[in-house]
Amino acid sequence: MDLALLRTFVTVHRAGSFTRAAALLGLSQPAVTSQIRTLERQLGRPLFLRQARGVTPTSIGDELAHKAAPHLDALVEIAETGLDDESAVRTLHLAGPPEFTAERALPALSRLSQGEGQGFALRASFGNAQEVLESLAAGHHDLAISTARPRGTLLTATPLCDEEHILVAAPRWEEHIDSGKLCRKGASALDNLPVVEVHESLPLVSRYWASVFDARPTASGTVIVPDLRAVLACAVAGAGLAVLPRYLCAAALDNRDVVALHEPAVPPLRTYVLVVRTGTLAMPQVARAHEWLLETAAAWY
């Protein structure tokens, strides 16, 4: 079987589209289509179902990708690092959410690359859960951090850590909120108070309200900014209430730049997972980073 055909097949499988695969491979779309048809003729089975937007692998296509992709990735690793140079610098390409990656993962991996990396170089990109998983599947990254678990067998996820969410605001807002009323009346005690969030849909506030108060927020966002670090800065400045991960606002809480407005018995949690393409933990830099993050995360509270 022609390895070039397999490489094209795996790229289409990961990209979910002939058009995107062609762009990744530097080929024309007709060339990609022709190669996939050639491989399908050789195997005597269809590998993809063509749809209006992209393609969906058949069961045979999924099985072939699961078997072939790790070996192709290993061949790419050999081609990039060479066979003879054991000291060659390997590069880990990481993707994840900006705040968690910047505050947690990158400091941990930077220490690994400096102290124990043995030629370990690091490149990072930020994105939401869908973006980082698609980028990982397409081969742009080696390791991803996500709050969403991937489907199928092409990607493998391992739980990393839980993130506790806290309802916070600048101290001046305490006088507007009666803690006793909050306990008795729940979310209604917070009606009409300004909210700082990362999106108009209020994803963190909505999740907190549903988990703690069994309700939906009635307020709209007063300040919307797509970075939790900016949300914290706005909350410290007194712009309104915010729901933030404890690790991000711990120092601000200690300094009373913000205060916790509510301490539920069971705080809302969000789980992060480490995701790799199945089989790529055989690659040294991926295995080291994966193991190091899991060990380091045990001390994150």
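Positions are given from 1, in the same order as the sequence printed here. From a predicted model like this one, the values you see are computed outputs, not experimental measurements.
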Spacing of CG belonging to Leu190 relative to OG1 belonging to Thr218, to within rounding of 0.5 Å
8.5 Å
If you measure only the distance, is there a donor-acceptor pair under 3.5 Å linking the side chains of Arg41 and Thr38?
yes
Nearest heavy-atom contact between Gln35 and Ala4 is OE1-O, 3.6 Å
Quick check on Arg50: does its CZ atom have over 12 non-hydrogen neighbours (other residues, nucleotides or ligands) under 6.0 Å away?
yes
Kindly check if the number of other-residue, nucleotide or ligand heavy atoms within 6.0 Å of CD (Gln130) is above 12?
no
Would you mind reporting whether Leu106 and Leu94 have side-chain heavy atoms less than 4.5 Å apart?
yes
To the nearest 0.5 Å, tell me how far Asn128 CG sits from Leu133 CG.
9.0 Å
Considering all heavy atoms of both residues, which atom of Phe18 and which atom of Gln29 are nearest to each other, and what is their separation?
CB-CG, 4.1 Å
Determine whether Leu47 and Leu43 make a side-chain contact, defined as any pair of heavy atoms from C-beta on separated by less than 4.5 Å.
yes
According to the ring-ring contact (aromatic ring centres under 6.0 Å, His included) rule, which pairs have a member within residues 19-52, sequence neighbours left out?
Phe9-Phe48
When you look at CG of Asp214, are more than 12 heavy atoms from neighbouring residues, nucleotides or ligands closer to it than 6.0 Å?
no
Start with the C-alpha gap between Arg149 and Thr271, add the side-chain angles, then the distance that decides, and say whether side chain to side chain contact (heavy atoms under 4.5 Å, CB included) holds.
CA-CA 10 Å; Arg149 283 183 170 273; Thr271 300; 5.9 Å; no
Rounded to the nearest 0.5 Å, what separation is found between the OG atom of Ser125 and the CG atom of Leu136?
11.5 Å
Looking at Trp300 and Arg104, would you say the former's side chain and the latter's main chain have a donor-acceptor pair under 3.5 Å?
no
Do the side chains of Leu253 and Ile166 get nearer than 4.5 Å, heavy atoms only?
yes
Show the nearest heavy-atom pair for residues Gly139 and Arg277, with the distance to one decimal.
CA-NH1, 3.5 Å
To the nearest 0.5 Å, what is the distance between OG (Ser59) and CG (Leu64)?
11.5 Å
Expected output: side-chain Asp227 to main-chain Arg229 donor-acceptor under 3.5 Å:
yes
If Ile, Leu, Val, Met, Phe, Trp and Tyr residues are connected whenever their side-chain heavy atoms lie under 4.5 Å apart, and connections chain through other members, are Val195 and Trp209 in the same group?
yes
Determine whether Pro226 and His199 make a side-chain contact, defined as any pair of heavy atoms from C-beta on separated by less than 4.5 Å.
no
Counting distance only, does the side-chain N/O of Gln285 pair as donor-acceptor with the main-chain N or O of Ala121 below 3.5 Å?
no
Does Leu49 share a hydrophobic cluster with Val32, counting links as ILVMFWY side-chain heavy atoms below 4.5 Å and allowing steps through other members?
no
Asp142 (side chain) donor-acceptor with Val286 (main chain) under 3.5 angstrom:
no
Keeping Ser34 on the side-chain end and Pro30 on the backbone end, is there a donor-acceptor pair under 3.5 Å?
no
Linked, directly or transitively: Val273 and Ile145 (ILVMFWY side chains, under 4.5 Å):
no
What is the minimum heavy-atom distance between Leu92 and Ala289, and which atoms define it?
CD2-CB, 3.5 Å
Roughly how far, to the nearest 0.5 Å, is the OG atom of Ser146 from the CG atom of Leu160?
11.0 Å
Before you tell me yes or no, could you show the steps for Arg256 and Glu174 under salt bridge (Lys or Arg N to Asp or Glu O under 4.0 Å), namely the whole-Å CA-CA distance, both residues' side-chain angles and the distance that decides it to 0.1 Å?
CA-CA 12 Å; Arg256 279 194 61 82; Glu174 284 184 302; 3.1 Å; yes
Ion pair check, Glu163 and Arg270, cut-off under 4.0 Å:
yes
State plainly whether one hydrophobic cluster holds both Val243 and Val231, where clusters connect Ile, Leu, Val, Met, Phe, Trp and Tyr through side-chain heavy atoms under 4.5 angstrom apart.
yes
Say whether, by atom type as modelled, one donor and one acceptor occur between the side chain of Thr280 and the main chain of Val276 under 3.5 angstrom.
no
Grouping I, L, V, M, F, W and Y whenever their side-chain heavy atoms are under 4.5 Å apart, do Leu143 and Leu155 come out in a common cluster?
no
Are any side-chain N or O atoms of Ser211 and backbone N or O atoms of Arg207, one a donor and one an acceptor, separated by less than 3.5 Å?
no
Side-chain heavy-atom pair Pro264, Val266 within 4.5 angstrom cut-off:
no
Mind checking whether Pro159 and Tyr272 have side chains closer than 4.5 Å, heavy atoms only?
no
If you take all heavy atoms of Pro267 and His165, which pair is closest and at what distance?
CB-O, 4.4 Å
Between CG of Leu244 and CG of Leu167, what distance do you get to the nearest 0.5 Å?
9.5 Å
So do the side chains of His290 and Leu281 get within less than 4.5 Å of each other, counting heavy atoms only?
yes
Can you name the residues that form a side-chain hydrogen bond (donor to acceptor under 3.5 Å, both in side chains) with Glu131, not counting sequence neighbours?
none
Beyond-backbone contact of Phe100 with Leu228, side-chain heavy atoms, under 4.5 angstrom:
no
Is there a salt bridge (Lys or Arg N to Asp or Glu O under 4.0 Å) between Glu103 and Arg246 once you walk through the steps?
CA-CA 12 Å; Glu103 299 290 330; Arg246 182 177 289 277; over 6 Å; no
Please report the shortest heavy-atom distance between Val168 and Cys249, naming the atom on each side.
CG1-SG, 4.3 Å
